[in-house]
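No experiment lies behind these values; they were computed from the predicted model shown. Whatever order the structure lists them in is the order used to number ligands and atoms, beginning at 1.
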Amino acid sequence: MTVITGPSFRVGTLNRFRERNRATARPTYPEAGWAAIIAGPSLETMAGMGDIHGIRLVMDVRPPLSLSCTVALVGLMGAGKSAIGKRLALRLGLPFVDADDEIERAAGCSIAEIFEKYGEADFRAGERRVISRLLDEPPHVLSTGGGAYIDPDTRALMRAKAVTVWLRAELDVLFDRVRKRAHRPLLRNGDPKEVLARLMSQRYPIYAEADVVVDSTAQPADRTTEQVIEALRAHLQQAEKTPA
Ligand code: S3P
């Protein structure tokens, strides 16, 4: 919370101050709570050119939650793990990391090439190593590939070292999101909608073990991000109440 007090601000000064702080606050906290003027004995209209005396200006730029561990997003392909993850990271003031990008960087080739050259088992082993390394890094928002949480060892690591959030989505939502891109190897074998439906029935009971579950619908990603924050807040409050 930033509290600025001043005996006398001209309106122009106030507006410049506000603009400047909005500009700096925005990249990290897109909706910086701009709580405004909370007291003033002789407050003249903001639209006019009069002086404002004795104001207290309050701007809340705190992240909406304080987290001491990584938030790991899990869910099927198309669940919105990257889109929501990036927004969530901005809102929480944490770095965003995409596990699949890290795997590709470590392997020096694309995920499709890893599947093609070495097969899925080797991909899962590499995924486990990379996620294990990332979970030892300072808190961040981690987007994980759809199969990561299904691997028992990777899941155990994530459950031990992160708060896990399942972005649960219906088949039509998933399909609508994935059908525009052809880079996912698992969706190249057979009808993508059928593959997704099969993976849903196999994987949803396992994703359901996540700490937090949020529905990822066709609504704007910003709104889903706010729902993730609310769900995380409720989870953390519950965890505080539950004795270890
Ligand atoms: C996979 C999902 C992909 C990627 C790989 C395998 C899966 O990530 O890790 O193609 O098993 O569901 P996204 O969920 O980010 O598409």
Trainee: Are the side chain of Arg155 and the backbone N or O of Ile150 linked by a donor-acceptor pair below 3.5 Å?
Mentor: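 Indeed, once roles are kept as given, a pair shorter than 3.5 Å links the two residues.
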Trainee: Side-chain atoms of residues 64-75: list all donor-acceptor pairs with protein atoms under 3.5 Å, sequence neighbours left out, distances to 0.1 Å.
Mentor:
unit_1 : atom_1 : unit_2 : atom_2 : d
Thr70  : OG1    : His140 : N      : 3.2
Thr70  : OG1    : His140 : ND1    : 3.3

Trainee: Filter on ring pair (Phe, Tyr, Trp, His ring centres under 6.0 Å), then keep only pairs touching residues 65-122, sequence neighbours left out; what's left?
Mentor: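 Residue pairs passing ring pair (Phe, Tyr, Trp, His ring centres under 6.0 Å), neighbours aside: Phe115-Phe123.
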Trainee: Do side-chain atoms of Arg203 reach the backbone of Gly146 as a donor and acceptor pair under 3.5 angstrom?
Mentor: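 Looks like yes, one N/O pair under 3.5 Å.
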Trainee: Using side-chain hydrogen bond (donor to acceptor under 3.5 Å, both in side chains), reason through Arg177 and Ser216 one step at a time and then give a plain yes or no.
Mentor: CA-CA 11 Å; Arg177 292 183 186 149; Ser216 175; 3.1 Å; yes
Trainee: Show every donor-acceptor pair shorter than 3.5 Å between a side-chain atom in residues 127-135 and any protein atom, with sequence neighbours excluded, or say none if there are none.
Mentor:
unit_1 : atom_1 : unit_2 : atom_2 : d
Glu127 : OE1    : Arg124 : NH1    : 3.0
Arg128 : NE     : Asp151 : OD1    : 3.2
Arg128 : NH2    : Asp151 : OD2    : 3.1

Trainee: Which pairs of N or O atoms, one from ligand 1 and one from the protein, are separated by less than 3.5 Å, and what is the distance for each pair?
Mentor:
unit_1   : atom_1 : unit_2 : atom_2 : d
ligand 1 : 8 (O)  : Asp100 : OD2    : 2.8
ligand 1 : 9 (O)  : Asp100 : OD1    : 3.1
ligand 1 : 9 (O)  : Asp100 : OD2    : 3.0
ligand 1 : 11 (O) : Arg124 : NH2    : 2.6
ligand 1 : 11 (O) : Gly147 : N      : 3.3
ligand 1 : 11 (O) : Arg203 : NH2    : 2.9
ligand 1 : 12 (O) : Gly147 : N      : 3.4
ligand 1 : 12 (O) : Arg203 : NH1    : 2.7
ligand 1 : 14 (O) : Lys81  : NZ     : 2.5
ligand 1 : 14 (O) : Gly146 : N      : 2.9
ligand 1 : 15 (O) : Asp100 : OD2    : 3.4
ligand 1 : 16 (O) : Arg184 : NE     : 2.6
ligand 1 : 16 (O) : Arg184 : NH2    : 3.4

